[in-house]
Number of protein chains: 2
Amino acid sequence: MASISDSEPRPDDSAQIQHEVGNRANKRRLNETQILQAAESAFAERGYGGTTTAAIAKAANLPKANVHYYFGTKKALYQAVLDNILSLWLEPMRDIQEDDDPAAALTKYVQSKMRYTRERPSASKVFANELLHGAAQLEDHLKTDLKELVDDKAGVLNTWIKQGRIKPVDPVHLFFLIWASTQTYADFDVQISAVLGKPAIDDADFKAAEDTVIQMVLSTCGLLSTDVNSG
Amino acid sequence: MASISDSEPRPDDSAQIQHEVGNRANKRRLNETQILQAAESAFAERGYGGTTTAAIAKAANLPKANVHYYFGTKKALYQAVLDNILSLWLEPMRDIQEDDDPAAALTKYVQSKMRYTRERPSASKVFANELLHGAAQLEDHLKTDLKELVDDKAGVLNTWIKQGRIKPVDPVHLFFLIWASTQTYADFDVQISAVLGKPAIDDADFKAAEDTVIQMVLSTCGLLSTDVNSG
DNA sequence: GTTTTTTTTGACCAAACGGTCAGGTTTGTG
DNA sequence: CACAAACCTGACCGTTTGGTCAAAAAAAAC
């Protein structure tokens, strides 16, 4: 399946390139990508029910029938968008390892999450929207892939706690707070920018946000020594 | 008088009861409430675009034309649901006052937010959904009411910081993190319960969640003295 | 009791929707 | 070049949607 993030033609790739140009497969991938991007941003803006296949087609500069030619049904297209997103979402967490320095590993994790928030806000919104409405298309993944990953990494944090390297904290809930705190800047950006009194969240705001989240995580884990009563 | 299956008659209330029974106004209020509740839960489950007025009517046990009689259009009904929610949402924040004890005031605020999350999950979801999709119906409120309130309360936190009563932290972003961290337990409950490996978030989970959020807020503000390097 | 106002509702629309399809075009193959 | 396979798309279709309406029922006013 085409990745949603590659924009260039790319005449190479691993698949069997028969005879000359992979002109056909190439255009297919290009169109699929274009449709997926248009769909992602449409679903992010209006939700599943509020998005029409016609709108997606128009945004992708293709006739509606073409969209159906590539993805069959609206639901299948939506599923393709979701699949694309979930793997991205899970990635940064895998990096957390037992022999890492806790402060460094957690900081890096927050930064990765924050980068995702900034670079793929539509993806974050589609994911949020799906969760919000019951995640029927995603439930299995959550109960298996995500749960296993979280259980694993919660184990890492618990080891750190046992070793006295971080303060006792419920690791699973800490992850929930990190997810919520980072993604809120994508999912609820309207609220954020309204409160900040700006037309959009800018670089400085994102820096302040990231700093605050990191301060929060490290403080919660007892990795930031400055106490209000210590100065 | 008491028709069909209503649980409590309620002959009181403050409004002008003309002549005899406020039978008319009473039933109107009852029907409106029923429609609003049905609408809130429907919009929470399926979003604005995914909800049909017929589904709302059915959930409210009324013919569809009746829903339109009371609220005119689907959009007007949605707006009514939203208005209902926003005031609820803003309330707990007003309680934060400059001469409060910071730890107590912040703890109470988190607890209020958490209670809202537990008691009105559909309201939280509708609100989240609206923000997610641009908050066209809510933007003005956000830019005025919410912004003013946050600016005011950020001032309180800044005073506390200046007085050395809490550690330096960006107050506005701290609020963002509190909102995100509490509401995630309503908005993304499917994800939470999937990761916890339970069919639903139970009392113990909510307690752990609340404890973790409070630990996070107080730590971030330097109000929890136990440092990992201090024992 | 009679009239007026408000409420209720089944039946009914025009518009918009997801999806289909026949038939034309392009690309790959021998 | 001839042929086949894959691709493209305008036109179309059955269903569902938000919304309307006339006429009946209920309540209030006189």
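These values consider heavy atoms only, across backbone and side chains, with no hydrogens, waters or symmetry-generated copies. Proteins get letters first, then strands, A, B, ... in listed order; numbering begins at 1 in each.
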Got a salt bridge between A:Asp203 and A:Lys207, using NZ or NE/NH1/NH2 to carboxylate O under 4.0 Å? no

Looking at B:Lys125 and B:Asp189, is any side-chain nitrogen of the basic one under 4.0 Å from a carboxylate oxygen of the acidic one? yes

Double-helix bend of the helix from C:dG1-D:dC30 to C:dG30-D:dC1, axes at both ends from 5 pairs, round to 10°, gives 10°

Check: [Y] main-chain N/O paired with [X] side-chain donor or acceptor under 3.5 Å:
X	Y	value
B:Lys58	B:Lys64	no
A:Lys74	A:Tyr48	yes
B:Glu210	B:Met114	no

Between N or O atoms, less than 3.5 Å apart, protein on one side and nucleotides 7-17 of chain C on the other: list the pairs.
from, atom 1, to, atom 2, distance (Å)
C:dT7, OP1, B:Arg28, NE, 3.0
C:dT7, OP2, B:Arg28, NH2, 2.9
C:dT7, OP2, B:Tyr69, OH, 2.5
C:dT7, O5', B:Tyr69, OH, 3.2
C:dT8, OP1, B:Asn31, ND2, 3.4
C:dT8, OP2, B:Tyr70, OH, 2.7
C:dT9, OP2, B:Asn66, ND2, 3.4

For the rings on B:Phe206 and A:His173, is their centre-to-centre separation under 6.0 Å? no

For the residue pair B:Lys113 and B:Tyr116, would you count it as a cation-pi contact if the rule is NZ or CZ under 6.0 angstrom from the ring centre and within 45 degrees of the ring axis? yes

[X] [atom1] - [N] [atom2] separation (whole Å):
X	N	atom1	atom2	value
A:Phe71	C:dT20	CZ	C1'	19 Å
B:Lys75	D:dG18	NZ	P	13 Å
A:Ile35	C:dG18	CD1	C1'	15 Å
B:His68	C:dT6	NE2	P	21 Å

Taking everything shown except A:Lys108 itself, do over 12 heavy atoms lie less than 6.0 Å from its NZ? no

